[in-house]
Amino acid sequence: MQKIAFNDLGAQYNHLKEEIDAQIAAVLADAHFISGPQVETLEQELCSYTGRKYCVTTDNGTDALLMPLMAKGIGEGDAVFVPAFTFFASAEVVSLTGATPVFCDSEEDTFNMDPASLERQLEKVKREGKLKPKAVVAVDLFGQPADFSRLEPICRENGLFLLEDAAQGFGGAMGSRKACSLGDCSATSFFPAKALGCYGDGGAVFTDDEEMHRLLVSLRVHGKGAMKYDNVRLGLNARLDTMQAGILLPKLHAFDAENAHRNRAAERYSEKLRGRFTVPTVREGFSSGFGYYTLKASGTEERAKAMDALKAAGVPSIIYYPKPLHLQKVYEPLGYREGDLPVAERLTRTVFSLPMHGYLTDDVIDYICSVLNNI
Ligand SMILES: Cc1ncc(COP(=O)(O)O)c(C=O)c1O
């Protein structure tokens, strides 16, 4: 068996080489490295793909999350509800604005934010009266959108701004609504390992709100007003490079085929591993982009055994994520204790992710499954 990659970007490049090389050559020839025409083309195509009215590409997914919070004026004294089981950036951006992240537990089956836990945490914040509830960051973990059918009404009733963290969500959907079109505003990441990734850092914000779009465009370039040297607010330098936009265009054109391939690969994994491990659950009426294929073991020991066996057989596997955010050292001052968010904590002790990408072969899947089934 040849070397198995967790995410085979080389196989993708071989497949799209001609188009990607042509894009890179065009950017080099044009020398319009910042805000070149490929950036606007990409934004238009991303709007068509997701069904959102506006797209503002950014330098990475973290700034794509931060900018809408800045645009809403969220800051000190505000509470922003975030799942505890996610990548750190989902909460980090809240803290960067000066607001306080309030951590919510996860659903045992989809791993996404549990709307019932959100309601409990919201009531607690209201009862304590120290923070003003302002927003929710709902993460589309591992490719499946969070349950926006329940989160949207809660946010509407309570006047909360709902930000979709679709950094891992691109390719997923809730009914006919694609990831990056859920909630009031959505942010995604084009980090190379993502389902739609560039060859460096990149991201994008999506919204249907004209005023939000105007503010995002300003925040992306140092809080510009009528032009770059007219500064009307504090902003960032958060533009996506022209080169990365050019590279993303052929990758976006190939995205649906790769997405279908990842879904078939996930199905094959699940058929062979169901009963041995808990395989991913896709909620009825939802679809996943399967940027990640994540299994749940019965406990920490079983997970360690599985990962050791994979390693010995030359198969990479990764724990996303080994520590819940409410127990991270940086959030010690918030006073959370072990046991506060039991599902999120249990997930960090039991999940592990297998190789997944749009060029994974049946032979490799079968080999990985045989290693796991022969432990
Ligand atoms: C859920 C989630 N949110 C936010 C981010 C941040 O994206 P970036 O790495 O592009 O800043 C990531 C990326 O890893 C992520 O997985």
Side-chain angles (χ1 to χ4, degrees), residues 6-7 9 42 46 55-70 80-97 101 103-104 106-107 110-113 135-148 151 162-172 179-180 182-183 185-206 216 219-220 236-241 243-245 247-248 251 288-294 318-326 328 330 344 347-348 351 353 356-357:
F6 191 77
N7 184 356
L9 293 173
L42 177 69
L46 286 168
C55 170
V56 176
T57 52
T58 59
D59 55 345
N60 57 58
T62 305
D63 282 347
L65 280 171
L66 176 62
M67 284 160 52
L69 298 177
M70 290 170 74
V80 178
F81 301 86
V82 188
F85 185 58
T86 176
F87 180 61
F88 183 59
S90 311
E92 183 183 32
V93 292
V94 173
S95 303
L96 286 173
T97 67
F103 292 106
C104 299
S106 310
E107 294 177 326
T110 67
F111 311 151
N112 277 327
M113 178 188 262
V136 172
V137 177
V139 182
D140 302 339
L141 206 65
F142 305 144
Q144 176 172 202
D147 190 357
F148 282 85
L151 296 172
L162 179 52
L163 175 58
E164 178 191 16
D165 179 347
Q168 301 179 13
F170 208 89
C180 293
L182 303 166
C185 212
S186 312
T188 197
S189 163
F190 301 131
F191 183 80
K194 302 296 186 210
L196 179 63
C198 55
Y199 289 159
D201 278 308
V205 195
F206 300 83
L216 292 171
L219 288 167
R220 176 169 60 178
L236 305 166
N237 173 7
R239 292 169 298 232
L240 179 74
D241 293 348
M243 188 77 84
Q244 300 302 343
I247 289 162
L248 280 162
K251 290 200 183 203
S288 175
F290 275 110
Y292 304 80
Y293 183 85
T294 303
I318 302 179
I319 299 174
Y320 295 116
Y321 294 92
K323 202 171 186 181
L325 300 191
H326 65 294
Q328 292 286 356
V330 64
L347 291 175
T348 60
V351 295
S353 301
M356 175 54 89
H357 52 86

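The first residue of the sequence shown is numbered 1, and numbering continues consecutively from there. Ligands are counted one by one from 1 in listed order, and the atoms in each one are counted from 1 as well.
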Exercise for the section: Please state which part of Asp63 comes within less than 4.0 Å of ligand 1, counting heavy atoms only: side chain, backbone, both or neither. Expected result: neither

Handout entry: Side chain, backbone, both or neither: Val139 near ligand 1, heavy atoms under 4.0 Å
Key = side chain

Practice task
Decide whether an N or O pair under 3.5 Å exists between Tyr292 and ligand 1.
Solution key: no

Handout entry: Heavy-atom closest pair, residues Ala166 and Thr188
Key = O-OG1, 2.8 Å

Exercise for the section: Can you see which heavy atom on Thr62 is nearest to which on Ala89, and at what distance? Expected result: OG1-CB, 3.7 Å

Handout entry: atom 8 (P) of ligand 1: the protein heavy-atom neighbour that sits closest, reported with distance to 0.1 Å
Key = Gly61 N, 3.5 Å

Exercise for the section: Note the single closest protein heavy atom to atom 15 (C) of ligand 1, along with its residue, its atom name and the distance in Å. Expected result: Ala167 CB, 3.5 Å

Practice task
Just say parallel, tilted or perpendicular for the rings of Phe103 and His326, cut-offs at 30° and 60°.
Solution key: tilted

Handout entry: Within-shell test, Ser90 vs ligand 1, heavy atom, strictly < 4.0 Å
Key = yes

Fill in the blank from the handout: Of all protein heavy atoms, the one nearest atom 6 (C) of ligand 1 is Thr62 OG1, 3.4 Å

Handout entry: Residue pair Ser288 / Gln144, side-chain donor-acceptor N/O under 3.5 Å
Key = no

Handout entry: Check: Arg220 and Val205 side chains under 4.5 Å, non-hydrogen atoms
Key = no

Practice task
Measure the distance from atom 14 (O) of ligand 1 to every protein heavy atom, then report the residue, atom name and distance (to 0.1 Å) of the closest one.
Solution key: Lys194 NZ, 2.8 Å

Handout entry: Ser189, any N or O under 3.5 Å of ligand 1 N or O
Key = yes

Exercise for the section: For residues Asp201 and Phe191, determine if any side-chain heavy atom of one lies less than 4.5 Å from a side-chain heavy atom of the other. Expected result: yes

Exercise for the section: Pick, from Asp165, Thr58, Leu65, Val137, the option with the minimum heavy-atom distance to atom 1 (C) of ligand 1. Expected result: Asp165

Exercise for the section: For atom 12 (C) of ligand 1, find the nearest protein heavy atom and state the residue, atom name and distance (0.1 Å precision). Expected result: Phe87 CD2, 3.4 Å

Practice task
Pull out every atom of ligand 1 sitting under 4.0 Å from any heavy atom of Thr86, numbered as shown with elements.
Solution key: 1 (C)

Handout entry: Exercise: do Asp165 and Ser90 side chains pair donor with acceptor under 3.5 Å
Key = yes

Exercise for the section: Could you check whether the rings of Phe142 and Tyr320 sit parallel, tilted or perpendicular, using 30° and 60° as the cut-offs? Expected result: tilted

